[in-house]
Amino acid sequence: MRRSRFFIAGIALIAACLTACGVATAACTKDVVVPTNPTAIRFVNPAGVTGLTTRTLYNDGSNTGHIHLSYPTFSGAPALNGALAREALRQAREFRVIADAPRSPADDAAANHGNPRVRRKAAGARPEINMEWRISAYSPQVIGVRLRTREFVKGAWHNSQRTLWYDRHARKATTSLGLISDKATFQRIVHDKLREQGAMPTLTDKMLGSIAFNADGGLITEFDDCEVIDCSRGRVAISIPREQVHPLLSGLGRLAQAAALAQRVPTPTPTPAATATQPQAAEPEASQPARRVALTFDDGPGPQTGRVLDELRAANAHATFFPVGLNATAQPRLLQRMVREGHAIGNHSWAHRDLSKLSSSRVMDSLGHAQDALIAATGVEPELVRPPYGEIDDEVREAAKRLGATLVGSSVRSEDWKESDPEVIAARVVDSVRPGSIVLLHDIHRPTVDALPAILRTLTARGYELVTVPELLGADGLRPGELVTAGPPDQDTEDGDV
Ligand code: ZN
């Protein structure tokens with residue numbers, strides 16, 4: 001089985017000395033340290049940040065595109081949390097305007113750039129915006145959050161990033177330029193560095209919206225796709241050495257630089273594998289209850305997930321969670337609780353992008369990266385994959401097969417995310433459930449969580465046992481790379497499911 005890896009940017013690589021080095025004049029050493037890329041940011045491991053949770057801005061049903069904007073929130077940092085939420089909202093609003101605009105021949109020409117295979121896959125696909133976050137720095141004085149956005153509109157992808165900074169003593173959030181005191185000199189240096197790369201931009205404040213520091217204290221400025229240079233160049237970033245940039249920094253900038261310098265290499269989250277007791281696929285039993293249903297919760301963990309677990313425990317019910325890998329890194333303890341309390345966990349990709357628009361290697365990266373995050377948090381290897389938006393193609397099937405995971409759809413789509421009334425959600429679910437149903441819900445959607453007590457009460461009263469997906473399917477029902485949308489209906493029931 002393939003294992004993808006965490007690539008921690010900024011860590012020097014060790015390259016083995018090859019016999020071919022004997023031809024060089026320099027003495028051959030056993031190991032060669034490859035210099036760290038000066039534009040690589042060493043991000044903070046979220047598992048070590050207390051009081052961290054995630055929020056997601058998602059499609060409310062009023063737009064035809066896929067919207068999934070994830071951002072972190074920190075306890076005791078309301079100004080930063082507010083700034084992150086406003087940034088997500090701004091991006092979602094701008095996306096809606098662009099995605100709803102008619103497509104022109106110029107758009108088609110722009111869409112013809114890039115990887116031809118990806119272009120073929122993306123042809124005619126729905127518009128999409130996806131935002132993921134990383135913590136650029138975290139210390140008692142400062143927090144830096146980098147928001148990376150990928151937009152698919154009019155047939156082409158566009159990547160951009162913003163980094164917001166927070167002064168924990170002053171309790172103020174700022175854009176990246178808040179790190180700079182001598183802006184004129186800073187702009188001149190950035191301009192000269194870009195000229196060395198062949199770019200001649202007129203720099204604006206927006207272009208200087210993503211600033212962080214490397215492990216040596218050097219400043220990194222990243223630019224959006226096509227912003228300062230030809231689109232074909234991919235990621236464009238410049239670095240300014242520590243000594244050169246230090247006089248240009250504000251007080252907050254110096255604290256941010258110190259935080260980057262002090263940051264240790266992230267250590268993996270301790271895994272509670274020895275105590276994990278994720279239920280395995282049920283062996284056939286003579287006395288299985290007649291009616292079984294599997295509730296599934298996607299896109300968490302979020303602020304409501306703890307309440308979902310409380311309600312399930314109170315009802316003696318088990319469920320299956322499909323967390324987004326990125327969110328899982330922020331709240332490993334919630335995932336550990338899921339496993340401890342008998343729930344199953346499946347893979348819902350790393351950052352909730354529509355996998356059917358990505359190349360096969362990126363599909364594998366997304367699912368593999370999420371798989372690693374879930375294993376790191378719980379010590380248990382997920383055996384289920386639910387692709388975001390239910391979008392499945394051959395590459396997704398192949399990636400799931402390589403992970404040894406069954407693709408899980410649903411037979412009851414509550415469309416809870418479009419609904420604000422918990423009573424409507426509860427009624428829709430309980431009216432649609434049949435023995436063997438797999439019910440799609442979202443633990444990031446507050447009205448769904450409000451509806452959960454009524455759903456559990458009604459289904460239990462109707463004689464349903466609430467089980468995990470592996471329990472519902474049984475060992476024979478798990479087939480890596482194949483899509484399953486429901487479990488076997490009760491044999492005594494005439495109106496079988498789906
Ligand atoms: Zn989802």
Side-chain angles (χ1 to χ4, degrees), residues 53-71 88 92 95 125-133 149-150 152 294-305 308 319-331 334-335 338 343-358 362-363 365-371 373-374 382 384-393 396 399-400 403 405-419 425 429 438-449 451-452 469 483-485:
T53 184
T54 56
R55 293 192 184 258
T56 308
L57 191 63
Y58 47 93
N59 198 333
D60 60 3
S62 61
N63 183 277
T64 51
H66 293 317
I67 297 176
H68 189 99
L69 303 168
S70 175
Y71 57 93
F95 168 75
R126 299 175 77 183
E128 178 177 353
I129 183 168
N130 181 281
M131 186 174 84
E132 60 180 278
W133 54 272
T149 305
R150 296 177 172 91
F152 182 84
L295 301 185
T296 63
F297 296 93
D298 287 13
D299 296 1
Q304 311 294 323
T305 304
V308 172
T320 304
F321 290 85
F322 288 95
V324 174
L326 177 62
N327 293 356
T329 64
Q331 291 178 285
L334 265 180
L335 271 78
M338 290 171 189
H343 306 297
I345 294 177
N347 184 329
H348 198 39
S349 85
W350 172 248
H352 209 277
R353 296 177 73 184
D354 172 359
L355 300 179
S356 71
K357 292 209 282 281
L358 304 181
R362 287 199 187 274
V363 171
D365 278 350
S366 176
L367 292 178
H369 204 171
Q371 195 85 342
L374 298 177
L384 311 171
V385 164
R386 174 172 277 160
Y389 310 109
E391 300 283 3
I392 295 174
D393 64 3
V396 174
L403 289 171
T406 303
L407 290 161
V408 179
S410 61
S411 55
V412 175
R413 290 189 160 219
S414 64
E415 302 214 305
D416 55 334
W417 50 274
K418 291 182 182 172
E419 192 56 61
I425 295 170
V429 170
I438 295 176
V439 183
L440 173 57
L441 298 162
H442 295 83
D443 53 322
I444 56 169
H445 191 57
R446 181 187 285 270
T448 300
V449 183
L452 191 55
V469 169
L483 175 66
V484 177
T485 56

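Just so you know, ligand 1 is whichever comes first in the structure, and atom 1 is the first atom listed for that ligand.
- Between His66 and the choices Trp417, Tyr389, Phe152, the ring-ring contact (aromatic ring centres under 6.0 Å, His included) rule is met once, by Tyr389.
- In this structure, the side chains of Arg55 and Pro303 come closer than 4.5 Å at one or more pairs of heavy atoms.
- In this pair, His369 and Trp350 present their aromatic rings parallel. The plane angle is below 30°, not in the 30 to 60° band.
- Ionic pairing of Lys357 and Glu391 is not present here: no N-O contact between side-chain nitrogen and carboxylate oxygen is shorter than 4.0 angstrom.
- Note on Asp299: its N/O/S atom closest to the Zn ion (ligand 1) is OD1.
- Among the backbone and side-chain atoms of His352, an N, O or S atom lies under 2.8 Å from the Zn ion (ligand 1).
- In summary, His348 places an N/O/S atom under 2.8 Å from the Zn ion (ligand 1), meeting the contact criterion.
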